[in-house]
Number of protein chains: 2
Amino acid sequence: MTAEPVQESRAASGCAAAPSAVLDGPVSHAISRVSRLHRIAAGRVLRELGLHPGQEFLMMHLWDSGAVRQSELIKAVGLDPSTVTKMLQRLEHAGHVRRRPDPSDRRASLVEATDASRGLLVEVRRAWGELERQTLEGLEAAECAELARLLGKVETALWTELARGGGADCGAASGEPDPC
Amino acid sequence: MTAEPVQESRAASGCAAAPSAVLDGPVSHAISRVSRLHRIAAGRVLRELGLHPGQEFLMMHLWDSGAVRQSELIKAVGLDPSTVTKMLQRLEHAGHVRRRPDPSDRRASLVEATDASRGLLVEVRRAWGELERQTLEGLEAAECAELARLLGKVETALWTELARGGGADCGAASGEPDPC
DNA sequence: CCTATTTGATTGGTCGGCCAAGCAATGGGG
DNA sequence: CCCCATTGCTTGGCCGACCAATCAAATAGG
């Protein structure tokens, strides 16, 4: 209808400047938006591999560490136990992971990536490289490093804040200490 | 627990892998983690107000812009139409939002915040201020600005990349008085 | 030894969020 | 005037993610 002005605004010119986005104020909004876009981008890249966004986190950890207790996996990725359970059920059903009871502790489960899933390893790594490239496109190396540093600081800030109020245990995989 | 050595694998220190940073995808990981923590923090702060994380986005826009077409709202927040529909259904059921058919276009809906919801306005603003404070705790003003700038760049980068692959309109929610 | 607490994992419920289809109304072109 | 593409929104399905509550097993305490 009548010359959609919106598309025009977003069109290279209007969007390229994107002064509004930068000045938009709250970092919180920016985090939410960036995260959402990032997730969508991840979904696009991973879709062809048969993985849904978020699952690659688990798989990468499993590929990296071999058979692990589910509780270890939970602490490593920092997700809710129920979330991990359901994700693993789907991944198991898809043939990407295998779960077996831990003989030394009959309530625990050992999780490991299947051999079949190994084929995905290189693809997923490539996809993540692509995603990283898309994410950091237009940023210089120094900016990238700075962004990583700042995100790290924000992460620790949020983390301590949450630990204070929520009493969540949370091993926090690679998180807090050691800010280089 | 078993004698499971702490898996302080190479990952933790993003700075160490400066040259190969792109391969490991530290920024992508960081974005995901920070976003998740941030969302949890937002949920904590908003829970007492009866809002779920994400809803405040819609409400803030509605408070700010009065009655709007649903399609305008969708473009403004940049979410999927179906997502907005369901969120609005819940918000309406909760009494925060009112929807009425647009007389000038019988397939469209006009959405507006209810008077009752206005009471939440100041609370939500306060909660977001609190959230912002938690998020940026430990960062200096210059770092905060730099983070905002970098996130803006990442956002536009992801955005153009997504627009290339999938039909995209562009809303670029912007232009509101936001104290930082 | 037998009970309390803690730990490991699962289920149920709800919400945000996406995609893919599906209508209903609008409006442009033949 | 009618047909057809477009726009606006909704539904259904699925997945990630949270919380709360539950159950089973292991361990600490009396």
Side-chain angles (χ1 to χ4, degrees), chain A residues 1-2 4 6-7 32-33 35-44 46-47 50-58 68-75 77-94 99 101-111 162 166-171, chain B residues 1-2 32-33 35-44 46-47 50-58 68-75 77-94 99 101-111 162 166-167 169:
Chain A
M1 32 215 58
T2 74
E4 196 66 313
V6 175
Q7 289 193 343
S32 301
R33 286 199 306 255
S35 165
R36 208 173 44 76
L37 290 176
H38 184 266
R39 191 179 191 79
I40 295 176
R44 291 254 167 103
L46 289 171
R47 182 184 217 88
L51 285 179
H52 294 83
Q55 296 182 337
E56 81 280 5
F57 258 88
L58 289 185
V68 284
R69 259 189 160 77
Q70 191 165 321
S71 59
E72 288 299 319
L73 187 60
I74 288 169
K75 279 200 303 184
V77 296
L79 294 174
D80 191 89
S82 64
T83 300
V84 174
T85 293
K86 287 166 188 167
M87 285 173 77
L88 285 178
Q89 287 173 345
R90 281 161 189 151
L91 286 171
E92 184 178 31
H93 188 262
R99 289 157 75 207
D102 184 341
S104 75
D105 188 338
R106 279 195 321 221
R107 72 207 144 146
S109 288
L110 289 178
V111 190
L162 286 176
D169 72 277
C170 213
Chain B
M1 54 174 87
T2 61
S32 302
R33 285 198 307 256
S35 164
R36 206 171 45 76
L37 289 176
H38 183 266
R39 191 180 191 76
I40 295 177
R44 292 257 167 97
L46 289 172
R47 167 170 291 173
L51 285 179
H52 294 84
Q55 296 182 335
E56 81 280 7
F57 256 91
L58 289 186
V68 283
R69 258 188 162 74
Q70 191 166 323
S71 60
E72 289 298 319
L73 187 59
I74 288 169
K75 281 199 300 187
V77 297
L79 294 174
D80 191 87
S82 63
T83 299
V84 174
T85 292
K86 288 169 190 169
M87 285 173 77
L88 285 178
Q89 287 173 343
R90 283 161 189 150
L91 286 172
E92 184 177 30
H93 189 262
R99 288 156 77 206
D102 183 343
S104 75
D105 188 340
R106 275 191 320 208
R107 71 207 144 144
S109 288
L110 288 178
V111 190
L162 286 176
D169 55 81

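Chain naming here is simple, since letters A, B, ... match the order of the sequence lines and numbering starts at 1 in each. For clarity, every value in this text was computed on a predicted model and none was experimentally measured.
A donor and an acceptor atom never sit less than 3.5 Å apart when one is taken from the side chain of B/R107 and the other from the base of C/dT26. Side-chain atoms of B/S82 and base atoms of C/dC19 include a donor and an acceptor less than 3.5 Å apart. Within 3.5 Å, a donor on the side chain of A/K86 pairs with an acceptor on the base of C/dG12, or the reverse.
Using a 4.0 Å cut-off, no side-chain N or O of B/R39 falls inside it from OP1 or OP2 of C/dC15. Note on B/Q89: a side-chain N or O is less than 4.0 Å away from OP1 or OP2 of D/dT11. Distances shown here put every side-chain N or O of B/T85 at or beyond 4.0 Å from the OP1 or OP2 atom of D/dC9.
Using a 4.0 Å heavy-atom criterion, one finds that A/S71 contacts the sugar-phosphate atoms exclusively. No contact: B/D102 has no heavy atom under 4.0 Å from any strand. B/S109 comes within 4.0 angstrom of sugar-phosphate atoms only, judged by non-hydrogen atoms across all strands, and of no base.
Residue A/D105 places its side chain closer to D/dA26 than to any other of C/dT10, D/dA26, D/dC9.
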- [ ] Show your working on side-chain contact (heavy atoms from CB on, under 4.5 Å) between B/L46 and B/Q55 and close with a plain yes or no.
- [x] CA-CA 10 Å; B/L46 289 172; B/Q55 296 182 335; over 6 Å; no
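Here D/dG13 presents its C1' atom at 11 Å from NE2 of A/H52, a figure rounded to the nearest Å. A/E72 places its CD atom 14 Å from the C1' atom of C/dA9, with the value rounded to the nearest Å. Atoms CD1 (A/I74) and P (C/dT7) sit 14 Å apart, rounded to a whole Å.
Looking only at side-chain heavy atoms (C-beta outward), A/R107 and A/S71 stay at 4.5 Å or farther from each other. Residues B/L51 and B/L91 form a side-chain contact, since some pair of their non-hydrogen atoms from C-beta on lies under 4.5 Å apart.
Note on residues 81-94 of chain B: pairs passing salt bridge (charged side-chain N to carboxylate O under 4.0 Å, His left out), not counting sequence neighbours, are B/E92-B/R99.
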